[in-house]
2 protein chains.
Amino acid sequence: MNADPVLDLHSVRIVRAIAELGTISAAARALGYSQPAISQHLRRAEARLGTPLVARAGRGVRLTEPGQVIARHAITITSALDAAGGELAELVGLRTGTVRIAAFPTASSTLVPRLLHGMRRQHPGLRASYVEAEPPEALGMLRDGLVDVAITFQYPGDRADPHRDGDATLESTLLYTEPVVLALPEGHPLAARDVVALADLADERWIAGCPLCRGHLLAACEAVGVTPRIELETDNAVAVLNLVASGLGVALLPRLALATAPVPPGACVRATSPSSDRGIQVVVQSGAGRVPAVAAALAQIRSEDGAEWHLRQAATGR
Amino acid sequence: MNADPVLDLHSVRIVRAIAELGTISAAARALGYSQPAISQHLRRAEARLGTPLVARAGRGVRLTEPGQVIARHAITITSALDAAGGELAELVGLRTGTVRIAAFPTASSTLVPRLLHGMRRQHPGLRASYVEAEPPEALGMLRDGLVDVAITFQYPGDRADPHRDGDATLESTLLYTEPVVLALPEGHPLAARDVVALADLADERWIAGCPLCRGHLLAACEAVGVTPRIELETDNAVAVLNLVASGLGVALLPRLALATAPVPPGACVRATSPSSDRGIQVVVQSGAGRVPAVAAALAQIRSEDGAEWHLRQAATGR
DNA sequence: TGCGTCGCATAACATCGGGTTATGAACGCG
DNA sequence: CGCGTTCATAACCCGATGTTATGCGACGCA
């Protein structure tokens, strides 16, 4: 960390232009300034440096030895700056860059592949990295700057909701909401109904998912005054469905999970009452959405997944 | 000649400081600014570049990808600038540099060796080049930027005096004046006098020196109404004196010439009437005296040659 | 050699970038 | 759960740096 350099970029560029063009006027034109501007700047620079940089030579000017020294270094300096500027321009122009994405497990096999594919198609220069993480961890990574975009979900009424705790450093937007459905064995008496009341499931054995899902299960049951008996836990949706099909219990599943794991024979899904929707959120650091590469990823997420999902919803008549 | 770079030095230095120190406040302290100054500059830079450079990370800030790009180039850029600045500082500090000197032939064996020796002693880092040239040529080279310092002489009343023709691009200062003396054979009748009148030499055969000296001879004689008969010409002072010793004619010689060529047996020198002094001038490009290396040379010339000469003059009782 | 054109320097003036201090809000720590 | 630290914002101020206008010297050409 050295002191302020007496040699500023402007002087370097000016000296360089004069070295190449031979006159102050021409340099001024080339740099887009008026002639006196260059003259005065030179005088100031000379005063700072303590030595003349140019000497009048008949009609034009000529560089003194110190001036020639600057001119000699000018190419190096400006090219170093141009290199940085060029790389920056590539970043801004989305011809390069990296987006680091975190998303919850279920998204890994649904949203994320589409997203990464779309990114590659739209911005071949961009590189994307992906890491699977549950919402709390994903938000932690976001806060720590380990990822740029976090795709999370959030259950309504979630007490420790990380999205709306007034954290001004994060910006989250709701991508869409999806219903949480009940998975139960096909032969189950309640399977005859279209909509199953949670209160009627007080005596069931429950299969819980990830901690957040389990939390939602507890909260939802508590809301109707029952306490679920949780006997099995797995965050693997396929396993959950197969366990249900085997008659080992019932489970709540976000509908997205069904996209990754088709309902096996012996199990079926039903809407619940009261119904509950899980929100799919996309979260970035506050202001990070203005970083070109991140912005591109956000746009991709919203257009591809959001729009397509809504279309799909409309088609299925929900 | 590209357009103005969006990436200025200030931003580079700031980003670099933030990258190394982790907080805006620390960077501000390190750079000698207030904290809001850095904040605002960053905002401006981000607006210019079209992308955020830093993102808040808990207590401090963290660089975004574009910011990291700048930080990565920062070392290159600042080191390139420091290299130029350092070289410039050496120039200004007289630890290096070049002075190109031109002087008239007689000075080559008197003034110039002392000057070069003194320069080497006082400023070992400075390099000096020397070229021998008659005053008109020396001034031409000066004007063309081929040399930095010209040591010339000038006869009084010189019509085409290159020193005072209002040439504002050159600055000349009088080092000292030296008398022009008459060389004549020892046996010559006028040799009996201490001072010889030019008018009495109307019928002599003359030996002329360099064009300028010849011009002075003609002018001096014309001033007293005589026209010298010039039979021999040589710019070699030794030859002139030997020719005079051989009785082949008389000659006018600046006294400096006697320092290079001792008066041989058979010749002697006398003052002339009217007397005439030749001025020894040191000339530089206007303003070039402020270039450190040139300034050092000028100081050396004035102190060493000027002072010593005056001392010598006092010692010889002139 | 005198004139027209070009280029640099200077003066007078305008303006805005970039600085400062003051103050508020958020974060993390003890 | 306050306290220190850090960043952001506002209000203000100033001087660096630009502009136009003008004068002068240098070159080239007839």
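By convention in this document, chain letters (A, B, ...) are assigned in the order of the sequence lines, proteins followed by strands, and residues within each chain are numbered from 1.
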Rounded to the Å, how far apart are [X] [atom1] and [N] [atom2]?
X        : N      : atom1 : atom2 : value
B:Asp144 : D:dA26 : CG    : C1'   : 14 Å
A:Ile38  : C:dC6  : CD1   : C1'   : 18 Å
A:Tyr33  : C:dC16 : OH    : P     : 15 Å
B:Leu9   : C:dG17 : CG    : P     : 19 Å
B:Leu31  : C:dG19 : CG    : C1'   : 14 Å
A:His41  : C:dT10 : NE2   : C1'   : 18 Å
A:Leu42  : C:dG7  : CG    : C1'   : 14 Å
A:Leu21  : C:dC6  : CG    : P     : 17 Å

Counting only side-chain N and O atoms of [X], is one of them less than 4.0 Å from OP1 or OP2 of [N]?
X       : N      : result
A:Ser34 : D:dT19 : yes
B:Arg44 : C:dG18 : yes
B:Arg48 : C:dG17 : no
A:His10 : C:dG17 : no

Exercise for the section: Could you tell me whether B:Arg278 sits above the aromatic face of B:Phe104, with NZ or CZ closer than 6.0 angstrom to the six-membered ring centre and within 45 degrees of the axis? Expected result: yes
Exercise for the section: Return yes if a side-chain donor-acceptor contact under 3.5 Å exists between A:Gln68 and A:Thr64, otherwise no. Expected result: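 No, A:Thr64 and A:Gln68 have no side-chain donor paired with an acceptor closer than 3.5 Å.
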Exercise for the section: Decide whether A:Asp8 and A:Ser11 meet the rule of one side-chain donor and one side-chain acceptor closer than 3.5 Å. Expected result: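 The criterion, which ignores hydrogens and geometry beyond distance, is satisfied for A:Ser11 and A:Asp8.
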Problem - Heavy-atom protein contacts under 4.0 Å, nucleotides 6-13 of chain D, coded B base, S sugar-phosphate only, - none - result: SBBBB---
Practice task
Identify whether the distance between the nearest side-chain nitrogen and carboxylate oxygen of A:Arg62 and B:Asp144 falls below 4.0 Å.
Solution key: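 B:Asp144 and A:Arg62: not salt-bridged.
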Handout entry: Lys/Arg-Asp/Glu bridge criterion (N-O < 4.0 Å) met for A:Arg290, B:Glu46
Key = no
Practice task
Calculate, to the nearest 0.5 Å, the distance between atoms CZ and NE2 belonging to B:Arg44 and B:His10 respectively.
Solution key: 9.5 Å
Problem - Ring center gap for B:Phe153 and B:His216 short of 6.0 angstrom - result: no
